[in-house]
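In this chain, residues are counted from 1 in sequence order.
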Amino acid sequence: MPSGRGPDRLPLRRSLFGRLLGVSALVAACSVAATAWLAVQTTSGAIRQEQGRNLTADARIYDTLLGYAALNSTWDGVGPTVERLAEQSGRRVALTTQGRQPLADSATGRTPAALPPQASAVVDPLSVDTVLAPESAGRSGTADDRVDARAVGPFRLSAAERTALRRTADRGVVCLSRAGIASDVVVEPSGRPRIQVVGNDPERVRGARCDPGTLEEPTRTEQRALGALNQLADACLKRQGRDAVRLNQDLSWAQDSEARPVPSAGHVKLPAPAVRPTTHTSEGDRAIASCVGTARREQLSSYVASPALLFIGDEGGTTVPGFDLSPANTAKIAGAAALVLALTVGASVLAGARLVRPLRALTGAAQRMRDGEEPASVPVTADNEIGRLASAFNDMSAHRARLEEQRKAMVSDVAHELRTPLSNIRGWLEAAQDGLADPDPAFVSSLLEEAVQLQHIIDDLQDLAAADAGVLRLHPERLRVAELLGQVAAAHQVQAETAGVTLTVDTVPGLTADADPVRLRQAVGNLVSNAVRHTPAGGRVTLRSYGSASGEHLVVEVVDTGNGIGPDDLPHVFDRFWRAEKSRSRRTGGSGLGLAIVRKLTEAHGGTASATSTEGAGSVFTLRLPVAGAGMTGTGVSGTGMSGTGSPGG
């Protein structure tokens, strides 16, 4: 990939942004669809329920006003009835003539709202709306007879007739009661009483022999009204060229000798009797039924109120509420759903863009690091998961930059450290070859010193490489700490005397530990060599060892009275090739690997290496090694010695 190239653009269907947008759009679409469906179902159910309640209330209002019209010849005095119906239903009830002249209106206020153009129903007792009042139709049973059963007109019995018939009906009920038959008296709209038997057992009624006498005989009023009706029906039939008929009391008919009395069971009305024979299905029967219906309406027209328009609605003038999912309503629902979907998609786009932007920045920064460009930090915009990821990436980038700087410095330092002894060896050998130097013992000694220095650097690098790879081998054994420190002091005694430094050992007698003696001597020896090199003449270097207060660690300290290390340099004393003094002289320079090897060897034993220092007062380097089992016996008093940390360099 060319240097500086930004992050690759993934196809929308594979990118995180595309997936987030797709999921959000899908969730929004499902949510809108589910909400719309639930709203429509709930609203439709509520409207149907409300319409059902309104239809029931409307049917009750219609039936009440229909009964008023059937029993009264005019609408005068209907106002209180309208007010009562409006109060019961909580609706506005208004009656007008067919010319829309007001008859009664329950609307309050001086200027009631205008009535709707379409009436709720037409109140006409001679033409009943069988949908609103199916039980109020006439009793003839014909398709053309829609006269309200309460419209009896001239068939209404006089008071004397009603009284006489009621006495007869009461005697029949008493008689049936004695026979163990439950019955009751039912009064028809005309005022005629009849006996209603509980149950349907004609044979038992006949066996009771309770003859009510003249209960089923037509009264004089009924005979006159039936005769007048018969004449009107015959006139209608005559105009059609048909023969006259004879009407029975139940408005069934017969021609000539076919006329017969109404069937009964011992003159007692049985439950649910057939109103008229159903065998008349010819065209002539239909014509007779039509004429009978016309005759009834003509006979009753002067006894009932004229047709009126009925309006039912609320106080604002609106009619029965309804719900029509018209194209306009459908468009509104679709528009609202599209708006919600658009808002959801827009919000998802904004959220997705804010989510993906830092991820793309991280991807670009990682690719630039891969291409070898200088690492750059990614801006942290929020304290969330992505912000924390950016912070971690910045830390990693900074750490990588530091490691890269250390690597470059290490390569430079290694090259310099190897170049110095090699250059000396080469120079002496070239001088000898040119005859400028004699290969005397001093000459050989100088070359050997340079070779030993070169070998020392190579061995240090090899030890560090083995420690980094985790293959540094240790051979632990039980050793006496005082003896080991004595060996280290003896090995560096000549160096200390040459530098004018006093080297002493201070340890607890009998202190033992399990450790690799070679590696431990190497670590302590590096500390002693470093301390002697950085302690001026007349100073002191002390080796101390003791057990920790808990008995879990062996503590080895190398204390010097040198110049110490500054606070800014102290955190770096164990870094490779680091020096407080940048000089590379034999006296104080060193290779910069000694303290790094000390730390690695101590960590290989499972311990830690640390340093404290006070600038101008000296340093204390401390090794804390774990004691396994009975690996250390006896403890001493823990002491801090002189404050300070390891001397610079190593």
- side chain to side chain contact (heavy atoms under 4.5 Å, CB included) between Asp129 and Val123, worked out: CA-CA 8 Å; Asp129 187 342; Val123 182; over 6 Å; no
- Message: Between Arg150 and Asp63 (salt bridge meaning N to carboxylate O under 4.0 Å), is one present in this structure?
- Response: yes
- Message: Looking at Lys238 and Asp243, is there a salt bridge between them, counting it only when a charged N and a carboxylate O are closer than 4.0 Å?
- Response: no
The criterion is salt bridge (Lys or Arg N to Asp or Glu O under 4.0 Å); which residues satisfy it with [X], sequence neighbours excluded?
X: Asp105; result: Arg92
X: Glu222; result: Arg192
X: Asp170; result: Arg166

- Residues at least two apart in sequence or cross-chain that pass side chain to side chain donor-acceptor pair (under 3.5 Å) with Asp234, listed by chain then number, are Asn230
- Could you give all pairs that pass the side chain to side chain donor-acceptor pair (under 3.5 Å) test and reach residues 173-185, with sequence neighbours left out? none
- Message: I need the full list of side chain to side chain donor-acceptor pair (under 3.5 Å) pairs touching residues 81-90, with sequence neighbours left out, sorted by first then second residue.
- Response: none
Give me the atom names and distance for the closest heavy-atom approach of [X] to [Y].
X: Gln98; Y: Pro307; value: NE2-CB, 3.7 Å
X: Leu300; Y: Ala151; value: CD1-O, 3.4 Å
X: Leu247; Y: Leu229; value: CD1-CG, 3.9 Å
X: Phe155; Y: Ser190; value: O-CB, 3.4 Å
X: Phe393; Y: Ala366; value: CZ-N, 3.8 Å
X: Ser301; Y: Leu126; value: CA-CD1, 4.0 Å

Straight-line distance of [X] [atom1] to [Y] [atom2], nearest 0.5 Å:
X: His399; Y: Asn394; atom1: NE2; atom2: CG; result: 14.5 Å
X: Tyr62; Y: Ser120; atom1: OH; atom2: OG; result: 12.0 Å
X: Thr294; Y: Glu298; atom1: OG1; atom2: CD; result: 8.5 Å

- Task: Show the numbers, then the answer: is there a side chain to side chain contact (heavy atoms under 4.5 Å, CB included) between Leu85 and Leu65?
- Result: CA-CA 9 Å; Leu85 292 173; Leu65 294 176; 3.9 Å; yes
- Only residue of Val304, Val128, Leu310 satisfying side-chain contact (heavy atoms from CB on, under 4.5 Å) with Leu66 is Val128
- Ser252 side chain to Asn248 main-chain N or O, any donor-acceptor pair under 3.5 Å? no
- Query: Does the Ser106 side chain pair with the main chain of Ala86, one donor and one acceptor, at a distance under 3.5 Å?
  - Reply: no
- Message: Do Cys291 and Gln240 have side chains that approach each other closer than 4.5 Å (heavy atoms only, starting at C-beta)?
- Response: yes
- Tell me, do Arg156 and Leu71 make a side-chain contact under 4.5 Å, heavy atoms counted? yes
- Message: When you compare the side chains of Gln196 and Arg194, does any donor N or O come within less than 3.5 Å of an acceptor on the partner?
- Response: yes
- Give the intermediate values and the outcome of side chain to side chain donor-acceptor pair (under 3.5 Å) for residues Ser397 and Arg400. CA-CA 5 Å; Ser397 177; Arg400 179 180 179 274; over 6 Å; no
Partners meeting side chain to side chain contact (heavy atoms under 4.5 Å, CB included) with [X] (sequence neighbours left out):
X: Thr74; result: Asp76
X: Gln223; result: Pro218
X: Phe311; result: Ala94, Thr96, Arg100, Leu115, Pro116, Ala119, Leu309
X: Arg220; result: Glu161, Arg224

- Test side chain to side chain contact (heavy atoms under 4.5 Å, CB included) applied to Leu226 and Leu251, step by step: CA-CA 9 Å; Leu226 187 60; Leu251 299 186; 4.2 Å; yes
- Task: Starting from the C-alpha separation in whole Å, work towards a yes-or-no answer on side chain to side chain contact (heavy atoms under 4.5 Å, CB included) for Val147 and Arg297.
- Result: CA-CA 7 Å; Val147 179; Arg297 289 190 290 273; 3.9 Å; yes
